[in-house]
*Asks:* 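Would you mind keeping the following structure in view while I ask a few things?
Note on naming: letters A, B, ... go to the chains in the order of the sequence lines (proteins, then strands), and numbering restarts at 1 for each one.
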Amino acid sequence: MSLSLFDSRAQAVRAFEPIVAGKVGIYLCGPTVQGLPHVGHLRSALVYDQLRRWLKVNLLEVTLVRNVTDIDDKVLENAKGTGEQWWALAYRFELEFNRAYAALQIAPPTYEPRATAAIPEMLDLIDRLIAAGYAYQAEDGSADVYFAASRWAKYGELTNQKIDDMAPDADVELRGKRDARDFALWKAHKAGDPSSAAWNTRFGAGRPGWHIECSAMATKYLGSQFDIHGGGLDLRFPHHENELAQSSAAGDAFANFWLHNGLVNVSGQKMSKSLGNSIFAADLLAAARPIVVRYYLGSAHYRSVLDYHEGVLDEAESAVARIETFVEKAIRRLGSTAAIRADLNSDELRAALPAAFAKAMDEDLAMPAALAAVHDEVRAGNSAIDAGDDSALKTALDAVLAMTTVLGINPLDWAVGANSGNDQALDNLIQALIEERKAARTDKDFARSDAIRNQLQAAGITLEDAADGTHWSVN
RNA sequence: GGUGGAGUGGCUGAGCGGCCCAAAGCAACAGCCUGCAAAGCUGUAAACCCACGGGUUCAAAUCCCGUCUCCACCUCCA
């Protein structure tokens with residue numbers, strides 16, 4: 001394994017070594033299911049899907065845990081607005097997220113725990129923190145429990161901040177807090193909230209704070225020490241800082257690497273509800289084919305800002321079409337479809353990967369360089385077709401299929417499916433027109449041949465004249 | 001105010017001391033191919049030499065100092 005990853009805590013690229021040989025545990029902060037999935041959620045999920053794929057290619061057994069935060073202020077608030085039960089609203093949006101992930105062929109995580117299913121683990125962790133002297137029940141008699149950030153000397157280590165530099169909100173109500181920077185581990189039940197959103201504890205009725213959820217779920221599924229903790233850049237502070245502090249204070253080694261993916265901006269601006277510029281998953285999928293959306297979201301380096309604006313999907317469409325056209329032509333020419341498919345563990349796939357691609361992936365998942373390798377190979381393959389060199393073509397095709405399989409953009413994996421009866425009927429119809437056009441061309445009746453081509457084009461079908469005959473495809 | 005990141009061809013976006021007279025894609029132009037196209041290939045043009053001004057070095061887009069601009073986080077957020 002020669003993979004290096006940028007570790008946010010070390011603020012440096014570090015060589016990645018699994019804690020347990022051959023296995024990798026990844027915890028990824030999933031969404032709070034309080035609304036519809038947007039482009040940022042998809043990018044985040046995609047980044048770790050790609051990481052997971054690359055680890056699998058390197059024969060590591062990956063356990064990916066991505067949680068669902070299904071209890072939270074916003075969930076309760078939004079449910080009040082719609083009149084739904086909070087858990088019904090949360091599940092409704094959870095399904096929307098799963099639909100969007102599936103559309104982009106982002107594989108489901110190994111485990112997808114909901115916060116509400118890990119309450120006992122959270123309470124255990126809170127107890128350990130109280131015993132260690134780093135947590136305390138609110139001093140105003142409520143059921144609130146806080147983490148004493150001000151007592152944890154290493155607080156700020158993840159984001160390289162000194163606790164004294166953190167400007168405490170002047171107007172913040174301390175209520176039962178000893179220090180303004182202390183944060184809630186457990187939140188007392190509030191008068192207006194439904195009783196179904198409260199759990200009885202020795203502190204009183206209440207619900208979990210956001211940060212404790214992830215600490216508890218990560219260790220529940222991956223143990224007190226695991227390889228990688230990931231999430232969006234916006235979660236570094238306070239969420240991940242707080243997770244690290246509480247887990248460390250409880251004596252857990254916690255994550256070996258911290259990864260943060262860059263955010264998606266819209267025309268240079270942060271996406272936000274108040275600006276009304278959010279791009280939702282449904283918007284993307286309405287504007288472009290899923291494989292194109294996946295290509296676009298994965299085209300920039302995972303740590304850089306990805307800007308969404310007019311035209312980016314068209315550009316991605318062209319690039320994807322180039323790859324698809326090549327694969328189609330190559331398979332048609334070579335006849336065999338005994339091509340490399342989705343098995344990431346196969347020796348064949350590994351053997352077919354160009355060195356430049358593997359190097360790019362190993363260097364902190366340098367996606368642009370990896371895509372450059374894909375396109376280089378596409379060009380080499382196209383040249384081989386022109387030169388009639390089938391051996392070189394086979395090599396290029398295998399390389400392209402292997403690389404795109406790793407990236408999750410193998411055209412064969414996105415094909416609509418085997419020929420259905422409808423496809424066969426359509427093919428019969430179009431073949432008849434192709435024959436008629438061929439006859440017209442032989443007779444030099446170009447008006448007629450062009451009319452046929454234009455008619456099909458208008459119906460969304462493109463004809464392509466190749467050396468071995470005319471082929472058609474749906475636009 | 002604190003912390004982190006970014007300014008590279010028309011656009012997207014790599015490179016982060018010599019392999020860079022700067023990858024790859026998109027867009028443009030020309031040639032080949034074609035009856036004409038499309039697709040494909042080949043080539044061309046395109047970055048006042050990589051925000052600006054200094055410096056270090058045999059050597060800098062890449063390191064250092066200064067300046068300007070932009071973005072993110074410090075409040076719920078992927």
Side-chain angles (χ1 to χ4, degrees), chain A residues 8 11 28-32 34-35 37-48 66 69 72-74 77 97 156 158-169 172 181 210 230-239 241 260-265 268-273 295-296 299-301 303-307 309-312 314-323 325-326 328-329 356 360 363 366-376 378-387 440-442 444-447 449-450 453-454 457 462-467 470-471 473:
Chain A
S8 295
Q11 287 187 56
L28 168 60
C29 280
T32 298
Q34 48 106 353
H38 61 234
V39 57
H41 294 118
L42 293 183
R43 184 191 190 191
S44 179
L46 176 61
V47 163
Y48 299 97
R66 184 185 62 216
T69 297
D72 157 271
D73 291 347
K74 282 276 175 58
E77 190 185 316
F97 273 86
L158 181 65
T159 49
N160 192 27
Q161 299 182 90
K162 295 191 185 77
I163 193 161
D164 294 329
D165 288 337
M166 296 180 198
D169 259 340
V172 79
R181 292 159 303 201
W210 179 35
L233 193 57
D234 52 345
L235 298 183
R236 277 175 78 232
F237 193 91
H239 187 49
E241 187 71 71
H260 289 99
N261 61 277
L263 305 185
V264 181
N265 281 178
Q269 277 187 308
K270 174 184 162 148
M271 203 166 59
S272 77
K273 229 170 216 170
Y295 181 96
Y296 160 67
S299 61
H301 186 97
R303 283 192 283 120
S304 50
V305 176
L306 180 66
D307 195 61
H309 54 264
E310 195 59 36
V312 289
D314 293 339
E315 204 175 289
E317 167 62 43
S318 299
V320 170
R322 179 175 155 79
I323 297 169
T325 302
F326 164 66
E328 197 180 313
K329 283 167 77 171
E363 288 174 359
M367 218 49 77
L371 285 173
V374 172
H375 283 104
D376 283 344
V378 166
R379 188 173 344 90
N382 277 323
S383 295
I385 291 175
D386 285 359
R441 291 175 71 200
T442 308
K444 304 247 189 274
D445 181 0
F446 298 125
S449 69
D450 287 352
R453 188 169 65 195
N454 292 340
Q457 188 65 58
T462 299
L463 294 186
E464 186 192 323
D465 295 325
T470 300
H471 306 283
S473 59

*Asks:* Check the distance between B/C73's C1' and A/L235's CG and give it to me in whole angstrom.
*Replies:* 11 Å

*Asks:* Applying a 4.0 Å non-hydrogen cut-off, can you work out what A/G40 is touching in the nucleic acid: base, sugar-phosphate, or nothing?
*Replies:* base

*Asks:* Taking 4.0 Å as the cut-off, does a side-chain nitrogen or oxygen of A/H375 come that near to OP1 or OP2 on B/A24?
*Replies:* no

*Asks:* Rounding to the closest angstrom, what is the interatomic distance between B/G4 and B/A45 at atom C1'?
*Replies:* 39 Å

*Asks:* Base, sugar-phosphate, or nothing for A/R322, non-hydrogen atoms under 4.0 angstrom?
*Replies:* sugar-phosphate

*Asks:* Nearest of B/A78, B/A24, B/U3 to any side-chain atom of A/H41?
*Replies:* B/A78

*Asks:* What's the gap between B/A61 and B/U56 when it is taken at their P atoms, as a whole Å value?
*Replies:* 16 Å

*Asks:* Say you pick atom P in B/G55 and the same atom in B/C50; how far apart are they, in whole Å?
*Replies:* 16 Å

*Asks:* Any side-chain N or O of A/S8 below 4.0 angstrom from OP1/OP2 of B/G4?
*Replies:* no

*Asks:* Using atom C1' of each nucleotide, how far apart are B/A14 and B/C20 to the nearest Å?
*Replies:* 12 Å

*Asks:* Base, sugar-phosphate alone, or nothing: which one does A/D465 contact when heavy atoms must sit under 4.0 Å apart?
*Replies:* base

*Asks:* Base, sugar-phosphate alone, or nothing: which one does A/N160 contact when heavy atoms must sit under 4.0 Å apart?
*Replies:* sugar-phosphate

*Asks:* Would you classify A/D450 as touching base, sugar-phosphate or nothing, given that sugar-phosphate means primed atoms plus P, OP1 and OP2, and contacts are heavy atoms under 4.0 Å?
*Replies:* base

*Asks:* Does A/K270 reach a base, just sugar-phosphate, or nothing at all? Heavy atoms under 4.0 Å.
*Replies:* base

*Asks:* Once you round it to whole Å, what is the distance between C1' of B/C41 and CZ of A/F326?
*Replies:* 13 Å

*Asks:* From the set B/C74, B/A78, B/G40, return the single nucleotide nearest to any side-chain atom of A/P238.
*Replies:* B/C74

*Asks:* Could you go through A/E464 and A/K329, starting from their C-alpha distance and side-chain angles, then the distance that decides it, and tell me whether this counts as side chain to side chain contact (heavy atoms under 4.5 Å, CB included)?
*Replies:* CA-CA 11 Å; A/E464 186 192 323; A/K329 283 167 77 171; 3.9 Å; yes

*Asks:* Provide, to the nearest angstrom, the distance between the CG atom belonging to A/D445 and the P atom belonging to B/C36.
*Replies:* 16 Å

*Asks:* Using the side-chain heavy atoms of A/S383, tell me which of these nucleotides is nearest: B/G40, B/A23, B/U42.
*Replies:* B/U42

*Asks:* Check whether any side-chain N or O of A/T159 sits under 4.0 Å from OP1 or OP2 of B/C74, and answer yes or no.
*Replies:* no

*Asks:* So which heavy atom on A/G156 is nearest to which on A/E241, and how close?
*Replies:* N-OE2, 3.1 Å

*Asks:* Taking only side-chain N and O atoms of A/R379, does any of them lie within less than 4.0 angstrom of OP1 or OP2 on B/G25?
*Replies:* yes

*Asks:* What stem regions, each of at least 3 consecutive Watson-Crick or G-U pairs below 3.5 Å, can be found for RNA chain B?
*Replies:* B:1-7 with B:68-74, B:10-12 with B:24-26, B:28-32 with B:40-44, B:51-55 with B:63-67

*Asks:* Contact class for A/G156 vs. all strands (heavy atom < 4.0 Å): base, sugar-phosphate, or nothing?
*Replies:* nothing

*Asks:* Quote, to the nearest angstrom, the C1' distance that separates B/C21 from B/A47.
*Replies:* 12 Å

*Asks:* Between A/E464 and A/Q161, just flag the one whose closest nucleotide in RNA chain B comes earlier from the 5' side.
*Replies:* A/Q161

*Asks:* Where do A/A370 and A/A360 come nearest, in terms of heavy atoms and distance?
*Replies:* N-CB, 3.6 Å

*Asks:* Using atom P of each nucleotide, how far apart are B/A27 and B/G18 to the nearest Å?
*Replies:* 33 Å

*Asks:* So, taking the atom named CZ in A/F446 and the one named CZ in A/R453, what distance separates them when rounded to the nearest 0.5 Å?
*Replies:* 10.5 Å

*Asks:* Nearest whole angstrom, please: distance from the C1' of B/C74 to the CG of A/L233.
*Replies:* 12 Å

*Asks:* Has the side chain of A/R453 got a donor or acceptor atom sitting under 3.5 Å from an opposite partner on the base of B/A38?
*Replies:* no

*Asks:* Under 4.0 Å between a side-chain N/O of A/N261 and OP1 or OP2 of B/A78, yes or no?
*Replies:* no

*Asks:* With a 4.5 Å heavy-atom cut-off, do A/D72 and A/E77 have their side chains touching?
*Replies:* no

*Asks:* Between A/R441 and A/D465, is there a salt bridge with N-O shorter than 4.0 Å?
*Replies:* yes

*Asks:* Using a heavy-atom cut-off of 4.0 Å across all strands, would you classify A/V39 as base, sugar-phosphate, or nothing?
*Replies:* nothing

*Asks:* Check the distance between B/U3's C1' and A/D234's CG and give it to me in whole angstrom.
*Replies:* 15 Å

*Asks:* Assess the side chains of A/T32 and A/Q34: does a donor N or O sit below 3.5 Å from an acceptor N or O?
*Replies:* no

*Asks:* Taking the side chain as every heavy atom from C-beta outward, state whether A/Q269 and A/H309 have any atom pair closer than 4.5 Å.
*Replies:* no

*Asks:* Rounded to whole angstrom, note down the P distance from B/U12 over to B/U75.
*Replies:* 32 Å

*Asks:* For nucleotides 6-20 of chain B, give me one character per nucleotide, 5' to 3': B if any protein heavy atom sits under 4.0 Å from the base, S if the only such contacts are to the sugar-phosphate, - if neither.
*Replies:* -----BSSS------

*Asks:* With sugar-phosphate meaning primed atoms plus P, OP1 and OP2, does A/L263 contact a base, only sugar-phosphate, or nothing at under 4.0 Å between heavy atoms?
*Replies:* base

*Asks:* Given B/G40, B/A78, B/C71, identify the nucleotide with an atom nearest to the side chain of A/N265.
*Replies:* B/C71

*Asks:* Assign A/F237 to base, sugar-phosphate, or nothing according to its heavy-atom contacts below 4.0 angstrom with the strands shown.
*Replies:* sugar-phosphate

*Asks:* Would you confirm whether A/R43, through its side chain, and A/G232, through its main-chain N or O, come within 3.5 Å as a donor-acceptor pair?
*Replies:* no

*Asks:* Atom NE2 of A/H38 to atom C1' of B/C76: distance rounded to whole Å?
*Replies:* 12 Å

*Asks:* For B/C36, does either OP1 or OP2 sit under 4.0 Å from a side-chain N or O belonging to A/K444?
*Replies:* no

*Asks:* Expressed as a whole number of Å, how far does the P atom of B/G13 sit from that of B/A60?
*Replies:* 28 Å

*Asks:* CD1 of A/I323 versus P of B/A39: gap in Å, rounded?
*Replies:* 16 Å

*Asks:* Considering every strand and a 4.0 Å limit on heavy-atom distances, what is the contact class for A/Q11: base, sugar-phosphate, or nothing?
*Replies:* sugar-phosphate

